[in-house]
Amino acid sequence: MSAAQAPGYGTSLATSRFGIPSLPRWCVWVEPSSGLEPDRWEQRWINSVDQALSAWSTLLPITRVEDPRQAHVRVERRRPPLRDVAGQWRASNGRALLQILEVRRQDVWRLEPRVTVLVSPELRAQSLQATALHELGHAFGLWGHSDTPADALAPVQGAAPVLRPSDGDRRTLDWLRQQPTRFGAEVEPEASRDDVESPR
């Protein structure tokens, strides 16, 4: 099925010269609490991110790792920096930053996406979860936005925050994971890849 026939919002997804940044299985690291016992604000952030990850894990294989060096996706507890949009500085609750890297694993070089997901801790619990769900959607290959407010990848959601991937998110992700890509494939090491920022 071509991009023109893509279900959901597949036609809006950005890609790279290597294909859509997608992997058959994702390793995810989540920033732990800063102390032995997280305070209630840290615990709220951790719970919200955990719930967003659990929601995506019903649609694709996700493994949590304790070492950030082993992760394809790193989720960090911090406010994204302001961004210049058409001459105006704008704040956001979350951001996903994509790097395309050649990674050596068990003496084999592979092309892999590495995504840093920033989720601000200064949000209400449901907004935290909805933001984490949205940015993780980018991290898992949905580098675009939906026009449907009920989708997790809608830049502007309806009256209630979206806390689980919708049917439109699922159909788009299923289609994406069937597309040809060089990510995860063995490569000859080359020069560093360019960084790409999520479209939010």
Side-chain angles (χ1 to χ4, degrees), residues 1-28 30 45 47-64 72-75 80 83 85 90 92-98 100 112-120 123-184 196-200:
M1 187 180 294
S2 69
Q5 302 167 315
Y9 45 90
T11 55
S12 77
L13 298 183
T15 188
S16 74
R17 65 189 175 106
F18 307 106
I20 293 175
S22 179
L23 293 171
R25 180 180 64 87
W26 292 90
C27 292
V28 178
V30 176
W45 184 90
N47 290 346
S48 296
V49 171
D50 284 349
Q51 289 168 347
L53 273 172
S54 292
W56 282 116
S57 71
T58 64
L59 303 180
L60 72 168
I62 297 171
T63 301
R64 294 281 292 267
H72 305 113
V73 178
R74 304 174 184 192
V75 186
R83 189 167 54 175
V85 178
R90 290 181 52 186
S92 61
N93 294 330
R95 192 166 302 153
L97 306 168
L98 170 66
I100 297 174
E112 292 185 357
R114 177 177 295 163
V115 186
T116 301
V117 172
L118 308 178
V119 178
S120 175
L123 302 170
R124 292 178 294 114
Q126 284 197 331
S127 295
L128 264 172
Q129 186 176 339
T131 298
L133 188 76
H134 181 102
E135 300 304 335
L136 285 166
H138 287 319
F140 297 137
L142 297 171
W143 292 99
H145 285 133
S146 169
D147 294 331
T148 304
D151 290 342
L153 270 291
V156 178
Q157 298 179 347
V162 177
L163 304 180
R164 303 194 67 73
S166 68
D167 185 59
D169 294 315
R170 180 192 57 75
R171 287 186 289 114
T172 307
L173 187 65
D174 287 347
W175 171 82
L176 174 153
R177 289 172 61 76
Q178 295 171 19
Q179 300 311 300
T181 184
R182 289 176 55 198
F183 286 94
V196 178
E197 188 169 309
S198 74
R200 181 165 180 154

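These numbers come from the heavy atoms of this one structure, side chains and all, not from hydrogens, waters or symmetry mates.
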Looking at every heavy atom in both [X] and [Y], which two are closest together, and how far apart are they?
X	Y	result
Leu173	Leu59	CD2-CB, 3.9 Å
Leu53	Ile62	O-CD1, 4.0 Å
Ala55	Leu163	CB-O, 4.1 Å
Ala52	Leu136	CB-CD1, 4.0 Å
Pro21	Pro113	CB-CB, 4.0 Å
Ala132	Val119	CA-CG2, 4.1 Å

So, [X] side chain and [Y] main chain: donor-acceptor pair closer than 3.5 Å or not?
X	Y	value
Ser120	Asn93	no
Glu135	Ala96	yes
Gln129	Ala125	no
Thr116	Leu97	no
Thr148	Ala150	no
His145	Pro155	no

### Task
Look at the rings of Trp56 and Phe140 and say which category their plane angle falls in: under 30° parallel, 30 to 60° tilted, over 60° perpendicular.
perpendicular
### Query
For Arg177, what residues pass the salt bridge (charged side-chain N to carboxylate O under 4.0 Å, His left out) criterion, not counting sequence neighbours?
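Once residues adjacent in sequence are excluded, Arg177 has no partner under the salt bridge (charged side-chain N to carboxylate O under 4.0 Å, His left out) criterion.
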### Query
Does Asp167 have any salt bridge (charged side-chain N to carboxylate O under 4.0 Å, His left out) partners at least two apart in sequence or in another chain, and if so, which?
Arg170, Arg171
With sequence neighbours excluded, tell me which residues meet side-chain contact (heavy atoms from CB on, under 4.5 Å) with [X].
X	result
Pro180	none
Val162	Leu133, Ala152, Gln157
Ser12	Tyr9

### Query
If you measure only the distance, is there a donor-acceptor pair under 3.5 Å linking the side chains of Asp169 and Thr172?
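Side-chain D/A pair, Asp169 to Thr172: absent.
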For the residue pair [X] and [Y], establish whether any side-chain heavy-atom pair is separated by less than 4.5 Å.
X	Y	answer
His72	Arg114	no
Trp26	Leu60	yes
Leu123	Thr131	yes
Trp143	Val115	yes
Phe183	Ser22	no
Val30	Arg64	yes

### Query
So Val117 and Val73, side-chain contact (heavy atoms from CB on, under 4.5 Å) or not? Walk me through it.
CA-CA 7 Å; Val117 172; Val73 178; 4.0 Å; yes
### Query
Can you check side-chain contact (heavy atoms from CB on, under 4.5 Å) on Arg17 and Ile100, steps first, answer last?
CA-CA 11 Å; Arg17 65 189 175 106; Ile100 297 174; over 6 Å; no
### Message
Can you tell me if Asp147 has over 12 outside heavy atoms packed within less than 6.0 Å of its CG?
### Response
no
### Task
Scan for salt bridge (charged side-chain N to carboxylate O under 4.0 Å, His left out) pairs involving residues 148-164, sequence neighbours excluded, and state none if there are none.
none
